[in-house]
Structure formats: C-alpha cells, structure tokens
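Chain letters run A, B, ... following the sequence lines, proteins first, then strands; residues in each count from 1.
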Amino acid sequence: MKNKEVSRIFNEIADFLEIKGVDYKPRAYRKAARNIEALTEDIESIHDRGELQEIGGIGEALAGKISEYLETGELEYYEELREDLPVDIEGLTNIEGIGPKSVKKLHDGLGVETLEDLEEAAEGGEVVEVKGFGEKVQGNILENIERAKRSRERKLLGRISPLVQDIERRLSGKDTFNRINIVGSYRRGKPTVGDVDILATAEDREEAMDEFCGLEDVEEVLVKGETKSSTVLSAGVQVDLRIVDEGSFGSALMYFTGSKDHNVSVRGEVKGRGWKLNEYGLFDSEGEKLAGETENEVYGKLGMSYIPPELRENTGEVEAAEDGSLPDLVEGEDIKGDLQIHTNYSDGSGTVREMAEKAAGKGLEYLSISDHGPSLKVAGGLTEEDFEEQAAEIERVSDEVEIEILHGVEANIVEGGLDVSKEWCERCDLLCAAMHDRPDNSTERILSVLDEYPVDILVHPLGRKILSRDPLKIDLDRITDRAAEEHVAVEINAQPESLDLDWQNVKKYRGKVKYAVSTDAHSRGEMDFMHLGVTQARRGWCEAGNVLNTKKVDKVRSYLNG
DNA sequence: ACCGGAACCGGTGGTTGCCAGAAGGCAAC
C-alpha cells in the first residue's frame, strides 16, 4: 500500500513549489495529498482500475504522476525538484515555526540540509546571521528540534494503521501462516508507534519468512532468520516478524505486547508462587509447563481475568484483574453516532449529503454536523447566514438518508466568550466549543464559556498535536468539575494527530464527566477514524456507559439538556 | 494543477499575528 508514500511525495512537491513562489500548484498538490491519505482503499488498486481521476483533487496531470511513480518506483518531476534543493524538507518544516521559505533561506545562507545541520548552526549562533532570522527564532529552533527529530522516528498510530492492517490481511491470506497477531505498542493502541512487531506461527518457517520478506511493500530487509526477520517498508516503517511455536503463542503474545512495566508487574505475581513466566510459557517450580498456548490460559492460571491489551500499561490493571474489577471496556460496535464532523460549509471536503450517506453506511444512527464558527477564518468559518442555509440543506437531506442529522457548530472560544451569538446557540441541536489559540488565561476562558453558554461538548480540550504541538496548559480539575455540573461532555477526538483528551486524563476523569468519541472528520474517509478514538477510550478504562455516543439519540439529548 | 461552467477559460481560502526591523514576509489554521 503506497498511499502514504504518494501523499508524502505530493506534500514535499508542494513545499518545493512554494519555495519557488509558484501559485496555486502547491495547494493542488496538498489537497491531492490529503485526499490520498484519507483513502481507505489501496491507491494501487484504484490505479489498476484506471480510476485515479475519480479521487477528488486529482486530474490528468496528477494521475499521470501517480501512475509514473507506481509503475517505475520513481517520479522524475519530484527528483528534479529535490536535485534543485537537496534538503530534508519534511523534517525541517516539521519544526514549529519553520516553513518552506525559511528552509530555503537557511539552505542558501548556511548550507543547511538536514535537522542535524540546522541544530549545529543554531547552537553555534549562526542562524541569526541569516536575514529574517533573529534570536527568538534561533531559540525556537533549539527548543523544538529534538521533538522534530523524534517525530521522524515515531509514527502516528492512525497514520500507519491502514498499512499495518493491510500487511496483516495479506499474511493471514497465506496458507503458510497459522496464527498472526500484531503485538507491541500497536496492539496496545498507543498513539505513537516505533516499530511494528508481528507474531506468527507457521508450519514451514523458512517459507513463511520468504513470503514476509517478499511482500511488495517491503523495501529493505535488515535481518532475515528462522525466528525473526526485520524489514523496512516503503513508507519508512520498520516491521519485524517473529515466528514462535504453537504452544508458546499465548505467552509470546503477552511478552511481545508488553508493556514492559505490565509484564514486570505480572511477573511479580508469578514469582510469589515460585513459578516462572517467559515468552515460552508459564512454568511451576518443578519446571512443569502450566500454560502458554493462549493469553487467557496464562492469565487464568495466575488467578486473573483476561487483561485487554489497551490496559497493559501498569496503571492498576494487574490488581484489578486479580480482584475481578476490570472494566467492561467500550467497543467499536457500541458507538451509535458521530457527534462532530465538518462539511464543505467550512474546511471539510464533503457535502452534507455525502457525509450523511457515509455515516449511514457505517451503520450509525445519528450524526452531528458542526462546522467552524465565524471567527476561525483560517478554516472558512460559517456566518449565521451560512448556518441557516446549511439548516435547510440538512432538512432536505434528512428526508432522503436513513440517519438522524443533528445540526451544530464548532464555536471558537475567544476573548469574552464564543464567536457565535446566544440566539445562534439556541438554534443549535448540539453546540461544540473549542480553543484554537493559546492565551495565558485559557482555563478562565473555558470556564466562563461553560458557565455562560449552553455548550454540549468541549472538543479537543487540550489543542494538542501529537509529535508537533504541546497540549494547552489548563486546569483540567476545574474544567471537568464545571463540565460535569453543566452536563457538558468532553471529547475524545479520533484524529490521529489529536486523540485529545489523552487517554491518561480520560482515565483520571472518567468517573466525573461523560466523553464523546468523535471523528472530527473533514472528509468521508476520516469517519473511519472512529476506531482510534474508541481505542483511546479503552486505554482510559472507559465502559460503554462512560461514552455519551453509545446511547440512543434521545438519551444523548436528555443528558445534554439536563 | 484542478474544477466547473461553458465548450476553453477564469477562479482558486483568507486572515491574523509574530518576528524582525521599521514595511513586509512568513507560518499557521
């Protein structure tokens, strides 16, 4: 699956063209990149059917470039641009505050090509010598460069999951493999993933390894052995495959799923009995094997209930499993509606009808449309007039699509309140409120908005972007107190970069507030992100009852109005 | 480079705020 690669290349081309001062093309490339990234289908299949131009934002020229890349493995146009300016544009622009134009200036002035070059230049105080750069920017570079480097190594769970699922599917389809399971932090649903580990059993290990290393996505084979092979996929993700014996599959699953702290904690229990647990199995003091084939069996012999992978972070799950108090975690099938999505009335790409049809197709009972309020110009915010127009459109579409559509707005929390009038709020079925900037008085602003407006959901409360932007420093104790009093739900945003509120805080406040797991989809494809949000809710120990949108729409309404 | 309305061409997201340097570029969303 080369979707991610193609979109990365298009984004880089956009950067290069922006540096050259070319008009319009960068936007076209970025739009195409975004649409490709949001695809749930393999772009190669679309290419094979000759339907590339049916993807939004892709016309004759871009379809040609995609074909060239898929067929030859190279794109001449891209290579030429890179030759002109041989820099790690993706890495460098990853630094907050550095865009394509700055990269060009740093290259011309100091010969900066990589993050390492830039770090050296900033440490040596050379950056200030370049026109347009001062102490402030140089300091900012030093502050943010480590994170930019890290972000190159770790990948976002949601961004690699289509690729990983694709690999899993392909290996499962082969006769050579008996059992296949992704393990590691991926299986635990951690928001960022380093390497991807796959565990398998196979009759013929050699043949299995051949098949794995021969997958078309595999770009480089680092190690190839009988029990372990390491590969790098074309998208830059390292994937390891381990093959174990059938009888050890369960204990190996536990071992390789981790987390390390969880395993240590479980092993404490094992030790107390004088037993031994390793990747090969659970053994008593005589060395007799007690369990190993399944995880259930291992946990069972230890007197624990099965611990779902999402909980294995050593935050009390081992004790809870012993006294039988583990939560009955929310599942994807429990979700009955999506309470925050955008349309082409603001910065979304889908129409009301397209989004509604997609949601209905996913089997949801309801959908709430909440485009950005007027002050968020960058996102093409709605005017009150637009809102009325949209209301009429929703009414028309509602008659024809098998889903209940709620009409809301994602109001922006600004100095002095929200960017929508109280009257406007009253006309909303569902009012979302969000911070989009980072003032010092964020906590106070949020609290006063919760007091003064009929807010239903506080969305992406921390405004974080994983691997690139820190969360807001706000007083969540006070905010969740107020949210609970006012019957305001707190969002768990399912966008791969967001996953905000984060799972640690979800766990902390789950007894107090209700959560709304929403996709914040800006295109039809992004509605498929729901599972990422559910995973984070699970990591936060949420049962279905903790999540508002597991309820029927009437119950949602009565909670929010209560 | 795409798209949509017209049958080839015109329009395409637009504003804010920061920094740096004293008017204006650049990044962010």
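At the heavy-atom level, A:Lys104 lies nowhere under 4.0 Å from the strands shown. Heavy atoms of A:Pro100 sit under 4.0 angstrom from primed sugar atoms or phosphate atoms, though from no base atom. Residue contacts for A:Ala379: at a heavy-atom cut-off of 4.0 Å it reaches a base atom on one of the strands shown. If you check every strand for non-hydrogen atoms under 4.0 Å, A:Ile58 touches sugar and phosphate atoms only.
Atom CD in A:Gln138 sits about 21 Å away from atom P in B:dC18, given to the nearest Å. Look at CZ on A:Arg27: it is 16 Å from P on B:dA27, rounded to the nearest Å. For A:His436 and B:dT16, the NE2 to P distance is 16 Å, given to the nearest whole Å.
If you check B:dC26, B:dA20, B:dA1 against the side chain of A:Lys101, the one that comes closest is B:dC26. Distance from the side chain of A:Lys136 is smallest to B:dA20 among B:dA27, B:dA20, B:dT12.
Spacing of C1' atoms, B:dA7 relative to B:dC3, comes out at 14 Å, to the nearest Å. Separation of the P atoms belonging to B:dA6 and B:dG11 is 13 Å when rounded to the nearest angstrom. Using C1' as the reference atom, B:dG14 and B:dC9 are 24 Å apart when rounded to the nearest Å. Atom name C1', nucleotides B:dC26 and B:dA20: the rounded distance is 11 Å, in whole Å.
Under the 4.0 Å criterion applied to side-chain N and carboxylate O atoms, A:Arg159 and A:Glu497 are assigned as salt-bridge partners. Under 4.0 Å is where a charged nitrogen must lie from a carboxylate oxygen, and between A:Glu526 and A:Arg34 at least one such pair does. Remark: A:Glu12 does not engage A:Arg82 in a salt bridge, criterion side-chain N to carboxylate O under 4.0 Å.
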